[in-house]
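As structure tokens, the structure follows; a few thoughts come after it.
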Amino acid sequence: MYSKKLARLAFGPLVESAFKCPLTRNVSSRVTAVRSLCSWTVCLHHRQKNQLSNGLTRLNVRPVSQTTLDPAEARKFQAKASKWWDLQGEFAVLHSMNDLRVPFIRDNLLNVHGVRQLGKPRAGLRILDVGCGGGVLSEPLGRLGADVLGIDPVEDSVRTAELHSSYDPDLRERVGYQACTLEELAEEEVEGFHAVVASEVVEHLADLDTFASCCQQVLKPGGSLFITTLNKTNLSYVFGIVAAEQLLRIVPSGTHDWGKFISPEDLERLLESFGFYVEAIRGMIYNPLTGAWSWQQSTAINYALHAIKRKEEPQPDRVWAESENLDEPGRARSYS
Amino acid sequence: MFTFAKAKLAAVLGIGRQCVALRALNGAQAVRRGFASSERDEEPSTSENELFDIIISGGGMVGTAMACSLGLEPNLAGKKILLLEAGHKKEMNRVPETYSTRVSSISPGSAMLLSGTDLCSFLNFLSVWDACSDALITFDKENLQDEMAYIVENDVIVAALTKQLQTLSDHVEVQYRTKVVKYTWPHPYHVSESIPWVQVTLANGKTLHTKLLIGADGPNSMVRREAGIPTVKWNYDQSAVVAVLHLSEPTENNVAWQRFLPTGPIAMLPLSDTESSLVWSTSHQHAEELLQLDEESFVDAINSAFWSNENHSELVETAGSLFRTALSVLMPDSGSARQLPPSVAGIGPKSRVMFPLGMGHATEYIRHRVAIIGDAAHRVHPLAGQGANLGFGDVAYLTKVLSQAAFNGKDLGAMQHLLEFETERQRHNLPMMAAVDLMKRLYSTNAAPMVLLRTFGLQATNTLPPLKEQIMAYASK
């Protein structure tokens with residue numbers, strides 16, 4: 001345990017803080033190749049045991065665990081469970097982020113799944129909101145017509161969410177909540193959702209591999225995965241932690257742990273190893289003066305990612321480099 | 001969790017028995033006239049029957065236009081909208097023979113909004129307003145390609161919009177002869193165990209809930225009063241007398257005339273080749289006198305108001321003509337031939353009415369889950385013909401804002417987009433209202449210096465076509 005921590009401390013800033021570092025990529029890509037071959041044979045049910053052995057070979061790290069739930073994080077949110085809907089309060093930033101992430105989800109789902117009826121642009125789609133908190137994102141998605149299930153391990157948050165949506169009959173029908181973790185849900189709902197949304201969640205998780213594999217499980221083939229999170233760069237440390245938490249106090253102090261941030265390249269690699277291909281990555285930035293988010297070119301601080309679960313599962317002996325053999329629309333991306 | 005919340009709601013509101021009454025299908029619910037059916041097929045949840053997405057309070061021109069505009073908006077399909085009006089339903093199957101007295105001038109911008117609601121099929125008798133000319137001022141637009149405005153009776157507008165609403169009856173409902181007695185506002189933040197919606201209590205005892213309340217209930221708005229929105233207002237000590245005029249001979253009636261008398265402006269707006277509408281703003285006393293006059297004397301009063309020169313002083317006349325000569329030397333091709341207003345032969349029967357004038361502006365157009373539009377938010381002097389247009393501008397922008405919010409899955413009553421509406425409309429309305437008020441004050445006096453000032457100012461404006469075009473453009477938005 002301690003050696004890993006030391007390794008993280010030593011290697012982490014050194015390796016991760018460079019925005020593009022060839023060392024990381026080469027090492028990680030080899031690791032990914034090894035791990036990807038293993039993970040396909042592991043498949044779905046006994047992943048957790050094998051995760052342990054795979055986790056040891058990873059360089060960018062959080063302590064390996066068998067579950068996505070990190071008790072310390074859960075405790076942080078437990079304390080603030082009643083404040084989710086205070087629009088001027090601590091979660092105000094998340095409320096204003098809806099201006100970006102709801103259109104992002106709505107439009108990308110439109111691209112992939114086609115137009116539904118007007119007025120309810122996403123009717124008939126089942127969406128899973130992982131780490132829904134007080135339902136800040138689940139409610140707008142429900143209003144757009146989708147059937148949303150919001151899950152969060154913190155029970156008080158789920159209760160707040162249920163109470164808030166209980167007054168509106170539209171939302172009552174379409175948005176449901178459950179207090180559980182993703183892996184618990186993944187066992188019941190295999191291939192049950194058209195889309196999974198994990199917004200501002202992956203930086204609070206204990207284990208990303210479990211997360212990615214569960215997402216892969218619960219999604220229908222061709223389903224979409226939406227993630228918004230923070231990048232792991234110097235800039236994100238300065239703005240995301242120092243400025244946001246300590247200086248401007250936009251976000252309560254201690255909300256984020258820079259060690260858990262993940263860069264878009266690493267996240268993309270991780271997702272690809274679990275059967276996704278990343279369709280879009282966009283940078284986001286928050287303006288504390290206006291309280292509004294906007295899109296930007298650089299993914300240095302916050303970013304949003306849209307990935308699609310591949311429709312056909314490749315055979316275990318196929319090499320990953322041959323992405324053109326798959327029948328998804330090709331993307332012209334290369335790693336170097 | 002859900003059942004607990006529902007039970008609590010039902011107990012608090014006591015709606016249980018009303019729900020039963022609805023199901024009994026009795027016509028004793030005399031309030032619910034019109035085409036909307038009172039029973040629904042949805043599951044028997046008390047709050048579902050009563051909860052609307054948007055309630056519009058006030059079914060005048062602006063309120064009905066708002067209801068139509070929201071009903072036609074594709075992003076708002078599926079939202080439940082309700083319009084509450086205290087008066088009768090205004091139906092008109094064909095254009096009536098005689099004109100009614102209250103008319104409005106509709107700018108091209110408003111016409112565009114209304115044309116989306118199929119209003120144009122009724123407007124086959126409208127007149128086109130080419131230039132606005134005054135005995136002291138010449139103000140016309142030479143290169144005019146499009147119409148400047150349309151003169152339409154208020155009743156016709158409301159009837160056409162009502163007809164349009166009937167085609168939207170699946171999600172827009174209208175309740176006539178419904179008076180609201182009380183509004184209950186929600187807490188601005190989420191307090192558990194309290195209802196987060198606006199509650200509207202009607203005179204018949206029913207309570208409706210809504211996520212957004214739009215107040216379009218006129219200058220003495222109850223919504224504005226109950227919400228405690230501070231209003232800047234004053235009375236002009238003037239009343240307007242309106243009537244329908246028969247002209248002495250048919251003419252190509254496409255010009256509106258307005259003359260500023262010391263007591264107030266008198267205006268003649270064209271309705272057809274032989275008829276025009278009169279709007280004469282004057283002191284309360286004089287207005288009452290005018291109403292008492294018999295028809296002939298009234299007609300004489302109107303003609304003399306337009307034609308007599310008794311208020312001109314020697315000084316002003318000389319100064320004015322000198323200035324005009326000077327300007328024609330500087331800019332030889334400015335100015336235009338003076339047209340003369342038509343003379344009046346008679347008035348429409350029983351068409352004389354008067355109403356008081358004032359100025360009012362609400363300092364805020366919105367509160368949490370509330371917005372006010374039209375005269376409830378801003379009230380102006382009719383001298384520029386802009387009151388209705390400002391209201392229609394509110395309708396267009398609020399619809400746009402709500403449509404975008406719905407497309408983003410937002411709660412319709414949330415402050416963020418309502419603030420956007422308020423900012424934008426205040427930015428547009430305030431300069432217009434200030435200009436109208438300034439004009440009114442400028443022309444209320446007979447003192448020579450002011451008269452000279454305004455004469456020179458207007459003659460100078462007259463010679464600057466770009467400036468006139470700017471004013472036209474602003475007023476036609």
Under 4.0 Å between a Lys/Arg side-chain N and an Asp/Glu carboxylate O for D170(A) and K211(B)?
yes
Just list the side-chain donor-acceptor pairs under 3.5 Å for residues 283-294 of chain A, sequence neighbours left out, or say none.
residue : atom : partner : partner atom : Å
N287(A) : OD1  : L289(A) : N            : 2.9
T290(A) : OG1  : A292(A) : N            : 3.3
W293(A) : NE1  : V93(A)  : O            : 3.1

Of all heavy-atom pairs between G409(B) and L144(A), which one has the smallest distance, and what is that distance?
N-CD2, 3.7 Å
Which residue pairs pass the salt bridge (charged side-chain N to carboxylate O under 4.0 Å, His left out) test with at least one member in residues 397-410 of chain B, sequence neighbours excluded?
D99(A)-K410(B)
Please say whether more than 12 non-hydrogen atoms of neighbouring residues, nucleotides or ligands are located less than 6.0 Å from CD in E155(A).
no
Enter the distance from D168(A):CG to W197(B):CH2 here, rounded to the nearest 0.5 Å.
4.5 Å
Given that the side chain runs from C-beta out, which part of D53(B) has a heavy atom under 4.5 Å from chain A: side chain, backbone, both or neither?
side chain
Side-chain donor-acceptor contact under 3.5 Å, N408(B) with R143(A):
no
Checking Q416(B) against chain A: side chain, backbone, both or neither under 4.5 Å from a heavy atom?
side chain
